Amino acid sequence: SLNLLKLNLVMGLRSWSQVALPSFLPLWLAQEGHPPTLAGGLLTVYLISGAAGGFVGGWLGDRLGRKTCIITCLAVSLPAMFVFLHSRETSALAWIMLAISGGALQGTLPSSIVWAQEMIPANAAMASGMMLGLAFGLGGAGAAVTGALADCVGLRTALYWSLLPLA
């Protein structure tokens with residue numbers, strides 16, 4: 001159905017930002033002169049907050065509705081990731097914004113899976129595969145575009161451009 005196609009597109013675009021940041025964060029930090037251990041710490045915060053965001057997003061999706069949860073999470077993730085990328089130092093605010101963006105991006109996933117399953121209940125497993133496999137595959141392709149763009153305009157600018165799919 002057209003609605004399932006739209007949902008796949010939105011989740012694929014979300015995945016672009018979600019995959020690009022952790023893929024290029026260590027390189028970006030190294031270019032900025034930070035030690036590799038900082039990248040490890042930031043990635044840990046991003047991924048753990050993403051796991052927590054999945055739980056919170058599932059709870060919110062059940063209470064607010066699937067669409068409202070997805071839109072809210074995307075609306076929260078965009079400014080949080082922008083503030084993180086805009087930070088010139090690794091302040092407490094940068095760490096908090098990274099955690100919020102990781103949690104909010106992953107918070108969309110439970111609602112997208114259940115919503116897709118509701119759209120095609122006879123093929124619930126396929127719907128799950130579309131929200132997980134297809135969306136993350138599209139995100140990986142988007143991250144490759146971010147990498148190619150980084151070669152032309154620089155990594156920080158390319159990471160800013162990878163926020164556009166969230167808008």
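Note that the numbering runs from 1 along the sequence shown for the chain. For clarity, every value in this text was computed on a predicted model and none was experimentally measured.
Looking at heavy atoms from C-beta onward, L21 lies in side-chain contact with L85 at the 4.5 angstrom threshold. Using a 4.5 Å heavy-atom cutoff, the side chains of N3 and L7 are not in contact. By the 4.5 Å heavy-atom criterion applied to side chains, M130 and Q117 are not counted as neighbours. In this structure the side chain of H86 never reaches within 4.5 angstrom of the side chain of M97, judged on heavy atoms.
The CZ atom of F84 lies 8.5 Å from the OG1 atom of T90; values are rounded to the nearest 0.5 Å. The CG atom of L109 sits 7.5 Å away from atom CD of Q18, with the distance rounded to the nearest 0.5 Å. L42 contributes atom CG, which lies 4.0 Å from atom CH2 of W95 (distance to the nearest 0.5 angstrom). One distance of note links CZ of R14 with OG of S112; it measures 6.0 Å at 0.5 Å rounding. To the nearest 0.5 Å, atoms CG (L132) and OG (S15) are separated by 9.0 Å. Here the CD1 atom belonging to I70 is positioned 11.5 Å from the CG atom belonging to L64, to the nearest 0.5 angstrom.
Of all heavy-atom pairs between V153 and A158, the closest is CG2-N, 4.0 Å. Among all heavy-atom pairs drawn from V76 and A104, the shortest one is CG1-CB, 4.0 Å. Residue P110 comes nearest to G54 through the heavy atom pair CG-O, 3.1 Å, listed as atom of the first residue, atom of the second, then distance. Nearest heavy-atom pair, S49 versus A99, reported as atom, atom and distance to 0.1 Å: OG-O, 3.0 Å.
Listed for the S128 side chain is a donor-acceptor partner under 3.5 Å among the backbone atoms of A124. No side-chain donor-acceptor contact under 3.5 Å links T72 to the backbone of C69. No donor-acceptor pair closer than 3.5 Å links the side chain of S162 to the backbone N or O of S17. The backbone N or O of W28 sits nowhere less than 3.5 Å from a side-chain atom of R156 that would complete a donor-acceptor pair. When atom types are taken as modelled, the side chain of Y46 and the backbone of S101 share no donor-acceptor pair closer than 3.5 angstrom. Remark: the backbone N or O of T108 is not paired with any side-chain donor or acceptor of S111 at under 3.5 angstrom.
Under the 4.5 Å side-chain heavy-atom criterion for Ile, Leu, Val, Met, Phe, Trp and Tyr, V56 and L78 are members of distinct hydrophobic clusters. Hydrophobic cluster membership differs between F24 and L138, with clusters built from Ile, Leu, Val, Met, Phe, Trp and Tyr side chains linked at under 4.5 angstrom. A single hydrophobic cluster is not seen to contain both W161 and M81; linkage of ILVMFWY side chains at heavy-atom distances under 4.5 Å, directly or through other members, places them apart. Linking Ile, Leu, Val, Met, Phe, Trp and Tyr residues whenever their side-chain heavy atoms come within less than 4.5 Å leaves L13 and L159 in two separate clusters. In terms of hydrophobic clustering, with Ile, Leu, Val, Met, Phe, Trp and Tyr side chains grouped at heavy-atom distances under 4.5 Å, M11 and L4 are assigned to a common cluster.
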**Request:** Start with the C-alpha distance between V83 and I96, add both sets of side-chain angles, then the distance that settles side chain to side chain contact (heavy atoms under 4.5 Å, CB included), and finish with yes or no.
**Result:** CA-CA 10 Å; V83 169; I96 290 167; over 6 Å; no
**Asked** So M131 and N8, side chain to side chain contact (heavy atoms under 4.5 Å, CB included) or not? Walk me through it.
**Response** CA-CA 6 Å; M131 293 299 104; N8 269 292; 3.1 Å; yes
